[in-house]
Trainee: 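Before I ask anything, here is the structure I am working with.
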Amino acid sequence: MLRGARTLSTACSVARRASLARNLRKFPLQAKPHIPSTRSLASAAQAQAPTHTPTPESSQSPVRTQDLPIVSNDAKQVAVGWDTRTWSKFHNIWLRDHCRCPKCFHAITKQRLLNTFEIPRDIAPLTVAAKPDGLEVTWNTSDAHISLYPWSWLRFNSYDPPSSSFAPSPSITDDGKPEKVLWGAKIQQSPPTVTYEQVMEEGDAGLYKWLENVDKFGFSFVTGVPPTPEATEELSERIGFIRETQYGKFWDFTSDLAKGDTAYTTLALGAHTDNTYFTDPCGLQLFHLLSHTGGTGGSTLLVDGFYVASLLKSLHPEAYHLLSTVPVPAHAAGEPSALYQPSPVRGYPVLGHVGGSSFSSGTGGSSTFGGESGKEGEGELVQVRWNNDDRSVMSHLEPAVVEKWYDAIRLWNKALTSPDSQYWVQLTPGTAVVVDNHRVLHGRSAFTGKRRMCGAYIGVDEYRSKLAVLRERFASDPVLEATKDIPESVVAGRSVWHTAL
Ligand SMILES: [Zn+2]
């Protein structure tokens with residue numbers, strides 16, 4: 001099933017980032033464009049090159065002029081021809097606003113210095129030139145400001161057309177960033193696992209492997225963890241700050257209903273994500289069974305929400321659309337001292353997306369939900385929120401949608417609880433698991449006896465930040481690779497052309 005899941009992951013758009021990165025492998029500059037008419041434009045621009053300080057040319061990459069992209073401009077935009085068929089257009093205001101020269105961008109703090117609102121509305125290039133390091137623009141301002149934009153950076157940030165639309169090049173090799181792998185029950189044959197020793201060792205290579213597992217599969221085991229709260233807390237803090245909630249910071253509990261939540265009972269819990277009642281549910285949950293005495297049961301259930309969503313999308317697109325658009329309110333109200341609801345209180349859809357065909361539509365909009373309009377593409381699935389036990393009153397549905405919505409969650413529940421989707425594992429002391437709470441649902445079977453669990457939440461931003469820093473160290477990035485020799489690009493340990501900036 002894992003093989004099938006890989007196919008599915010390609011069919012869905014979760015692999016888009018990776019393929020986008022692969023596209024960038026095209027650079028630096030393998031294509032030999034041949035467009036005589038526009039060539040002359042670029043040559044003309046170069047011929048007019050001003051007397052200002054020219055960009056120092058990289059000595060290590062002797063790129064001949066005919067290998068460079070073609071550049072031309074009109075009153076509003078600059079066009080860059082990557083090859084004879086692929087062009088990107090950039091508005092003058094966009095280019096000027098994104099200048100990364102030391103006057104416009106603080107190379108150490110990586111913050112904008114340029115006052116965007118002082119850029120004239122009719123800003124335009126005096127000249128544009130294709131240089132080995134990138135597009136050089138001399139602006140028509142009184143100071144004849146010169147900006148340089150590396151080719152790889154421009155291609156990565158292309159919005160007209162979006163860089164994701166560029167055809168991948170078969171010669172491009174993998175950039176080391178794994179694609180997400182969607183999985184079903186057969187993940188049990190080789191679940192992603194690292195050892196405690198690896199994660200805790202100096203040098204962070206094991207930590208990187210752990211977090212890459214989480215990014216790729218949505219969870220990862222850690223074996224060989226000393227079965228103590230102290231060791232588990234230390235393990236959690238390898239990733240980042242523990243996120244304190246109403247359940248405490250690092251939690252260590254038994255089934256004594258110490259907190260008003262079914263997690264603190266011996267009841268079975270269906271597959272769910274945590275914190276549906278938060279505006280921003282925790283990113284990762286780490287848990288570790290410290291002991292289980294005098295009873296049986298209490299298997300752990302993991303379900304890949306992205307996999308189940310991909311099934312639903314192909315089999316029941318209408319249901320998928322409803323789950324992607326109808327917000328679901330939720331609450332945590334079992335403690336008299338706390339009453340949590342997300343903001344806005346109508347909540348968020350079960351399936352959260354970004355970058356649909358109408359980028360600005362988001363999850364906002366009208367006050368009633370479920371209309372048949374808006375059948376545009378949902379965009380990329382980025383978050384699953386599902387805890388039917390915590391759901392509040394659905395008083396915001398259009399009457400005609402009520403039964404359709406219940407049918408939709410019935411189909412969702414059927415796919416979630418299918419044996420093909422469910423990965424059951426009996427955890428034992430010494431094996432901790434970390435779960436991406438925005439993707440993988442967790443649950444457990446009922447149990448008897450006494451179980452002691454400990455664990456922690458870690459915010460999604462802490463996790464993503466740690467992973468990004470580790471990728472800077474351990475993974476190659478095509479844009480950073482292509483820009484590393486440009487003068488003044490790497491300052492204080494990080495390039496001004498980092499694609500996160
Ligand atoms: Zn500048």
Trainee: Given 3.5 Å as the limit, does a donor-acceptor pair link the side chain of His288 with the main chain of Val433, or not?
Mentor: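 Looks like no, no N/O pair under 3.5 Å.
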
Trainee: Nearest 0.5 Å, please: how far is CG in Leu207 from CG in Leu235?
Mentor: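 Going from the CG atom of Leu235 to the CG atom of Leu207 covers 9.0 Å.
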
Trainee: I'd like to know whether CD of Glu197 has more than 12 heavy-atom contacts from other residues, nucleotides or ligands below 6.0 angstrom.
Mentor: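 At most 12 heavy atoms, drawn from other residues, nucleotides or ligands, come within 6.0 Å of this atom.
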
Trainee: Under 3.5 Å, side chain of Ser495 to main-chain N/O of Leu480, donor-acceptor pair present?
Mentor: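 No: the side chain of Ser495 does not pair with the backbone of Leu480.
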
Trainee: Less than 4.5 Å apart, side chain to side chain, heavy atoms only: is that true for Pro150 and Val479?
Mentor: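 SC-SC contact between Pro150 and Val479 ruled out.
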
Trainee: Could you check whether any side-chain N or O of His438 sits under 3.5 Å from a backbone N or O of Pro281, counting only pairs where one atom can act as donor and the other as acceptor?
Mentor: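 Yes; at least one donor-acceptor contact below 3.5 Å.
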
Trainee: What heavy-atom pair brings Ile239 and Lys466 nearest, and what distance separates the two atoms?
Mentor: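 For Ile239 versus Lys466, the nearest heavy atoms are O-CE, 3.2 Å.
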
Trainee: Pick one: which of Leu467, Val440, Leu284 meets side chain to side chain contact (heavy atoms under 4.5 Å, CB included) with Val214?
Mentor: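 Exactly one candidate clears the test, Leu284.
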
Trainee: At their closest point, which heavy atom of Leu381 faces which heavy atom of Gly352, and how far apart are they?
Mentor: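 Here Leu381 and Gly352 meet closest at CD1-O, 3.4 Å.
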
Trainee: Are there over 12 heavy-atom neighbours, none belonging to Lys110, within less than 6.0 Å of that residue's NZ?
Mentor: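 Yes, because the 6.0 Å sphere around NZ of Lys110 holds more than 12 heavy atoms from other groups.
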
Trainee: Any side-chain heavy-atom pair from Tyr348 and Gln383 closer than 4.5 angstrom?
Mentor: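 No - every pair of side-chain heavy atoms lies 4.5 Å or more apart.
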
Trainee: Relative to Tyr208, does Arg473 satisfy both conditions: NZ or CZ under 6.0 angstrom from the six-membered ring centre, and within 45 degrees of the ring's axis?
Mentor: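 Arg473 over Tyr208 ring: no.
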
Trainee: Between His91 (side chain) and Ile93 (backbone), is there a donor-acceptor pair under 3.5 Å?
Mentor: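 No, because the side chain of His91 does not come within donor-acceptor range (under 3.5 Å) of the backbone of Ile93.
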
Trainee: Before you tell me yes or no, could you show the steps for Asn157 and His98 under side chain to side chain contact (heavy atoms under 4.5 Å, CB included), namely the whole-Å CA-CA distance, both residues' side-chain angles and the distance that decides it to 0.1 Å?
Mentor: CA-CA 11 Å; Asn157 289 298; His98 288 91; over 6 Å; no

Trainee: Look at the side chain of Thr431 and the backbone N and O of Leu427, then say whether any donor-acceptor pair between them is shorter than 3.5 Å.
Mentor: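 Between the backbone of Leu427 and the side chain of Thr431 there is no qualifying donor-acceptor contact (under 3.5 Å).
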
Trainee: With the threshold set at 4.0 Å, does a side-chain nitrogen-carboxylate oxygen contact exist between Asp280 and Arg243?
Mentor: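 Looking at Asp280 and Arg243, the cut-off is met.
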
Trainee: Please name the pair of heavy atoms, one in Tyr463 and one in Ile458, separated by the smallest distance, quoted to 0.1 Å.
Mentor: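 Scanning both residues, the minimum pair turns out to be N-CG2, 4.4 Å.
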
Trainee: Could you measure the distance from the CZ atom of Arg100 to the CH2 atom of Trp153? Nearest 0.5 Å is fine.
Mentor: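 Here the rounded value is 5.5 Å.
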
Trainee: Please verify the inter-ring angle class for Tyr159 with Trp94; under 30° counts as parallel, over 60° as perpendicular, anything in between as tilted.
Mentor: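 The rings of Tyr159 and Trp94 sit tilted, inter-plane angle from 30° to 60°.
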
Trainee: Is it the case that the side chain of Thr116 and the backbone of Asp97 share a donor-acceptor pair, with hydrogens and angles ignored and the cut-off at 3.5 Å?
Mentor: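 Flag not set: sc Thr116 to bb Asp97 has no pair under 3.5 Å.
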
Trainee: What heavy-atom pair brings Phe250 and Ala456 nearest, and what distance separates the two atoms?
Mentor: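 So the two residues come closest at CD1-CB, 3.9 Å.
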
Trainee: Going by heavy atoms in the side chains, are Asn437 and Tyr457 under 4.5 Å from each other?
Mentor: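 Of all side-chain heavy-atom pairs linking Tyr457 with Asn437, none is under 4.5 Å.
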
Trainee: Around atom CG of Leu315, are there more than 12 heavy atoms of other residues, nucleotides or ligands at under 6.0 Å?
Mentor: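 Check passes, neighbour count above 12.
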
Trainee: Atom CD in Glu212, atom NZ in Lys209: separation rounded to 0.5 Å?
Mentor: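 If I round to the nearest 0.5 Å, the distance is 11.5 Å.
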
Trainee: Within a strict 4.5 Å, meaning less than it, do heavy atoms of the Arg439 and Leu182 side chains meet?
Mentor: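 Counting from C-beta outward, Arg439 and Leu182 do come under 4.5 Å.
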
Trainee: Is there a side-chain contact between Val328 and Trp405 in this structure, where contact means two heavy atoms from C-beta onward sitting under 4.5 Å apart?
Mentor: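 Yes, close enough: below the 4.5 Å cut-off.
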
Trainee: Please report the C-alpha distance between Gln198 and Val222 in whole Å, then the side-chain angles of each, then the deciding distance to 0.1 Å, and finally whether the side chain to side chain contact (heavy atoms under 4.5 Å, CB included) criterion is met.
Mentor: CA-CA 9 Å; Gln198 285 177 305; Val222 185; over 6 Å; no

Trainee: May I have the step-by-step check of side chain to side chain contact (heavy atoms under 4.5 Å, CB included) for Arg471 and Asp215, ending in yes or no?
Mentor: CA-CA 12 Å; Arg471 279 181 175 157; Asp215 187 50; 2.6 Å; yes

Trainee: Given 3.5 Å as the limit, does a donor-acceptor pair link the side chain of Thr448 with the main chain of Thr296, or not?
Mentor: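 Present.
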
Trainee: Report the relative orientation of the aromatic rings in Tyr277 and Tyr340; use parallel for angles under 30°, tilted for 30 to 60°, perpendicular for over 60°.
Mentor: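 Tilted, since the angle between the ring planes falls between 30° and 60°.
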
Trainee: Using modelled atom types only, decide if a donor and an acceptor are shared between the side chain of His272 and the backbone of Gly270 within a distance under 3.5 Å.
Mentor: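 Present.
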
Trainee: Hey, does Phe219 have a side-chain heavy atom less than 4.5 Å from the side chain of Trp183?
Mentor: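 Contact flag for Trp183/Phe219 side chains = yes.
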
Trainee: Going through the checks in order, is the side chain to side chain contact (heavy atoms under 4.5 Å, CB included) test met by Asp436 and Phe306?
Mentor: CA-CA 11 Å; Asp436 176 349; Phe306 285 11; over 6 Å; no

Trainee: Side chains of Trp386 and Leu351: closer than 4.5 Å at any heavy-atom pair?
Mentor: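 When only atoms from C-beta onward are counted, Leu351 and Trp386 do not touch, as no gap falls below 4.5 Å.
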
Trainee: Do you see a donor-acceptor pair shorter than 3.5 Å between the side chains of Asn388 and Arg391?
Mentor: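 Yes, because at least one side-chain N or O of Asn388 sits under 3.5 Å from a partner of the opposite role on Arg391.
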
Trainee: Check whether the side chains of His442 and Asp274 place a donor and an acceptor atom closer than 3.5 Å, and report yes or no.
Mentor: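 Asp274 and His442 do have a side-chain donor-acceptor pair below 3.5 Å.
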
Trainee: Between the main-chain N or O of Glu335 and the side-chain N or O of Ser337, is there a donor-acceptor pair closer than 3.5 Å?
Mentor: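 No, Ser337 side chain to Glu335 backbone: no donor-acceptor pair under 3.5 Å.
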
Trainee: What pair of heavy atoms forms the shortest contact from Ser220 to Val194, and how long is it?
Mentor: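 Heavy atoms of Ser220 and Val194 come nearest at OG-N, 4.2 Å.
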
Trainee: If you look at every heavy atom in Pro327 and Gly347, which pair is closest and at what distance?
Mentor: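 Shortest heavy-atom separation between Pro327 and Gly347 comes out as CB-O, 3.4 Å.
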
Trainee: If you round to the nearest 0.5 Å, how far is OG of Ser164 from CD of Glu380?
Mentor: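 Those atoms lie 10.0 Å apart.
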
Trainee: Under the 3.5 angstrom rule, does the side chain of Asn275 hit a backbone N or O of Cys282 as a donor-acceptor pair?
Mentor: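 Answer holds: yes.
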
Trainee: Quick one: pull up OG in Ser418 and CG in Asn413 and give me the separation to the nearest 0.5 Å.
Mentor: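 If I round to the nearest 0.5 Å, the distance is 11.0 Å.
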
Trainee: Could you tell me the separation between the CG atom of Leu289 and the CZ atom of Arg452, rounded to the nearest 0.5 Å?
Mentor: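 One finds 10.5 Å between CG of Leu289 and CZ of Arg452.
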
Trainee: Answer whether the closest heavy-atom distance between the side chains of Leu411 and Leu312 falls below 4.5 Å.
Mentor: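 Yes, their side chains come closer than 4.5 Å.
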
Trainee: Is it the case that the side chains of Asp420 and Tyr307 hold a donor-acceptor pair, with the cut-off being a distance below 3.5 Å and no angle test?
Mentor: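 Yes - a donor-acceptor pair under 3.5 Å links their side chains.
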
